[in-house]
Amino acid sequence: MDQAQIEIQLLGSLSQIEAGDWDACACPEVVDGGRPNDPFTTHRFLTALEDSGSVGRGTGWQPQYLTAYREGELIACAPMYAKSHSQGEYIFDHNWAHAFEQAGGRYYPKLQMAVPFTPVTGRRLLVRPEYEGIGHSALIQGAVQLAANNQLSSLHVTFCTEFEAKAGEQMGLMPRLTQQFHWLNHGYKNFDGFLASLSSRKRKNIRKERAQAQGFGGEIETFTGNELKPEHWDAFWEFYQDTGARKWGSPYLSRSFFDIAQDTMTDDMALILARRDGEYVAGALNFIGRDTLYGRYWGCTEHHPCLHFELCYYQAMDLAISMGLATIEAGAQGEHKLARGYLPTQTHSLHWLGDPGFSDAVARYLEAERAAIEEEIEILTDYGPFKKLQVEEQQ
């Protein structure tokens with residue numbers, strides 16, 4: 001098909017597009033009645049961010065949804081934002097911004113193709129299945145052209161898939177390799193099956209941590225779907241505020257995001273709460289994909305030994321095993337996850353910088369960074385908690 005037939009548009013709000021049209025590109029796999037691969041690019045999730053004021057005016061995340069039409073039909077789209085800072089992205093370019101501005105350039109605003117505040121790998125170039133080739137090309141070329149025409153410093157596509165990273169590189173964008181720690185379910189029937197794959201010392205440490213955590217003097221409960229109630233979000237908001245204030249200065253998500261999620265996304269979420277003396281004292285929020293459990297937020301009002309590890313990691317493993325999910329992505333950073341069965345995994349992004357000299361300098365940096373990341377992943381994997389044979393099989 002001739003790409004000249006493709007019309008590119010920017011939308012300032014998802015209210016300008018039907019949910020069915022967007023999701024036909026974002027999650028075409030749901031036609032079989034199952035879950036989306038991940039919920040984060042669905043119309044309902046991005047709309048919840050927008051309608052709750054978590055993105056938009058005053059947040060530094062101004063929606064600029066990129067859409068591609070052919071003969072009036074939406075064939076491709078992307079969650080894209082004009083950014084006035086580099087917060088909430090988790091693939092950091094603060095040093096790039098500082099260097100560019102020290103040299104007299106203006107780094108912000110920039111374009112960010114991403115899911116705000118969500119360091120989760122997934123498709124960023126959302127294309128109807130029959131239009132993959134021209135859809136990917138239209139979105140990438142359209143975004144680059146928009147950045148160039150508006151004299152913006154850069155375009156960034158973060159936490160994209162490896163396939164998208166390779167496609168973008170072929171079209172002239174610079175690929176970047178980073179890492180996270182993910183847990184893989186190797187067909188475990190229960191948590192003891194997972195423990196059996198570990199070295200003796202690591203197995204004992206995890207059992208000790210779970211015993212300490214579960215001895216906090218209360219009970220741990222998991223809620224999803226219709227089990228989730230407004231009072232659960234009242235409690236979790238307190239936890240989330242505490243964590244947000246300590247990590248970012250203020251929470252990224254507004255209170256109303258959780259109210260909207262209660263109305264539209266309960267089937268996408270699993271909330272693990274710890275209760276003591278009738279009061280919730282800690283919680284961890286997970287999102288549920290087709291094959292993956294996504295650990296997103298944690299917080300507490302009381303501190304108990306190892307309760308963080310129990311709610312965020314071990315309870316998540318129990319849930320993933322019970323649901324038959326293949327993977328847990330527990331968020332950005334955290335080498336402490338290694339001792340608890342989460343192994344280093346490559347993550348990908350793409351970058352376009354308008355200034356040729358600056359682009360060349362960043363390209364050299366990314367080449368050196370890639371070699372360092374690959375070496376670090378190899379070393380960390382060898383130091384993982386699994387029996388040696390198990391590690392070799394996973395590699």
Side-chain angles (χ1 to χ4, degrees), residues 39 183 185 188-196 198 202-247 251 253 255 257-259 261-263 265-289 292-325 327-331 334 336-337 339-342 385:
W183 182 81
N185 179 3
Y188 304 125
K189 294 182 179 179
N190 49 41
F191 194 83
D192 283 341
F194 159 66
L195 288 178
L198 305 181
K202 297 298 185 182
R203 184 164 59 244
K204 290 177 181 177
N205 287 344
I206 289 176
R207 282 179 173 152
K208 182 179 178 180
E209 286 185 346
R210 295 207 77 175
Q212 280 187 296
Q214 293 175 6
F216 78 104
E219 58 275 346
I220 297 171
E221 302 169 293
T222 299
F223 303 94
T224 189
N226 293 332
E227 300 165 344
L228 282 164
K229 305 298 180 186
E231 56 264 30
H232 298 140
W233 299 118
D234 290 337
F236 186 74
W237 174 246
E238 297 298 320
F239 311 146
Y240 177 68
Q241 277 188 301
D242 176 70
T243 300
R246 286 186 288 105
K247 282 191 173 183
L253 300 175
R255 175 64 181 87
F257 172 86
F258 298 100
D259 294 330
Q262 171 66 27
D263 293 334
M265 297 193 66
T266 52
D267 288 341
D268 297 312
M269 298 183 295
L271 184 59
I272 302 170
L273 294 173
R275 182 166 57 180
R276 193 173 73 88
D277 297 332
E279 299 289 335
Y280 291 115
V281 299
L285 176 60
N286 301 269
F287 283 81
I288 307 168
T292 303
L293 187 69
Y294 300 94
R296 293 302 304 114
Y297 302 108
W298 142 269
C300 64
T301 54
E302 293 182 4
H303 294 277
H304 297 275
C306 300
L307 192 59
H308 170 261
F309 300 144
E310 176 66 21
L311 267 59
C312 293
Y313 305 141
Y314 304 139
Q315 288 285 328
M317 292 178 193
D318 284 335
L319 183 59
I321 291 169
S322 70
M323 297 185 69
L325 301 176
T327 310
I328 301 173
E329 294 191 24
H336 61 278
K337 298 168 186 172
R340 294 164 182 92
Y342 290 72

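Every value quoted in this text rests on a predicted model; they were computed, and no experiment measured them.
Taking each heavy atom of Arg276 and Gly217 in turn, the nearest pair found is CG-O, 3.3 Å. When all heavy atoms of Cys312 and Trp298 are compared, the closest pair comes out as SG-CB, 3.5 Å. Of all the heavy atoms in Gly331 and Lys337, the pair that sits closest is O-NZ, 3.3 Å. Contact detail for Gln315 and Thr222: the closest heavy-atom pair is OE1-OG1, 4.3 Å. Contact detail for Ala316 and Tyr342: the closest heavy-atom pair is CB-OH, 4.4 Å.
No side-chain heavy atom of Arg207 sits under 4.5 Å from any side-chain heavy atom of Lys204. In this structure the side chain of Tyr280 never reaches within 4.5 angstrom of the side chain of Thr301, judged on heavy atoms. Using a 4.5 Å heavy-atom threshold, the side chains of Leu325 and Asn185 count as separate.
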- Using the side chain to side chain contact (heavy atoms under 4.5 Å, CB included) rule, take Ile206 and Phe191 through it: C-alpha gap first, then chi angles, then the decisive distance, then the call. CA-CA 11 Å; Ile206 289 176; Phe191 194 83; 3.9 Å; yes
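Asp234 meets the salt bridge (Lys or Arg N to Asp or Glu O under 4.0 Å) test with Arg255; sequence neighbours excluded.
Ring geometry for Tyr297 against Tyr240 counts as perpendicular: the plane angle is over 60°, on a 0 to 90° scale with 30° as the lower cut.
Put simply, the residue from His304, Glu209, Glu310 that forms a side-chain hydrogen bond (donor to acceptor under 3.5 Å, both in side chains) with Gln214 is Glu310. The ring pair (Phe, Tyr, Trp, His ring centres under 6.0 Å) test with Trp183 singles out one residue from Tyr314, Tyr313, Phe194, Tyr294, and that residue is Phe194. Under the side-chain contact (heavy atoms from CB on, under 4.5 Å) test applied with Phe223, the options Ile272, Leu273, Thr266 reduce to a single match, Leu273.
In this structure, Thr292 contributes its side chain and Ile328 its backbone to no donor-acceptor pair below 3.5 Å. For Arg296 (side chain) and Leu285 (main-chain N/O), no donor-acceptor pair under 3.5 Å exists by modelled atom type. Counting only distance, with no hydrogens or angles, the side chain of Asp268 and the backbone of Phe287 share no donor-acceptor pair below 3.5 Å.
Environment of CG in Asn226: sparse, with no more than 12 heavy atoms of neighbouring residues, nucleotides or ligands closer than 6.0 Å. A 6.0 Å sphere centred on CD of Glu227 holds more than 12 heavy atoms belonging to other residues, nucleotides or ligands.
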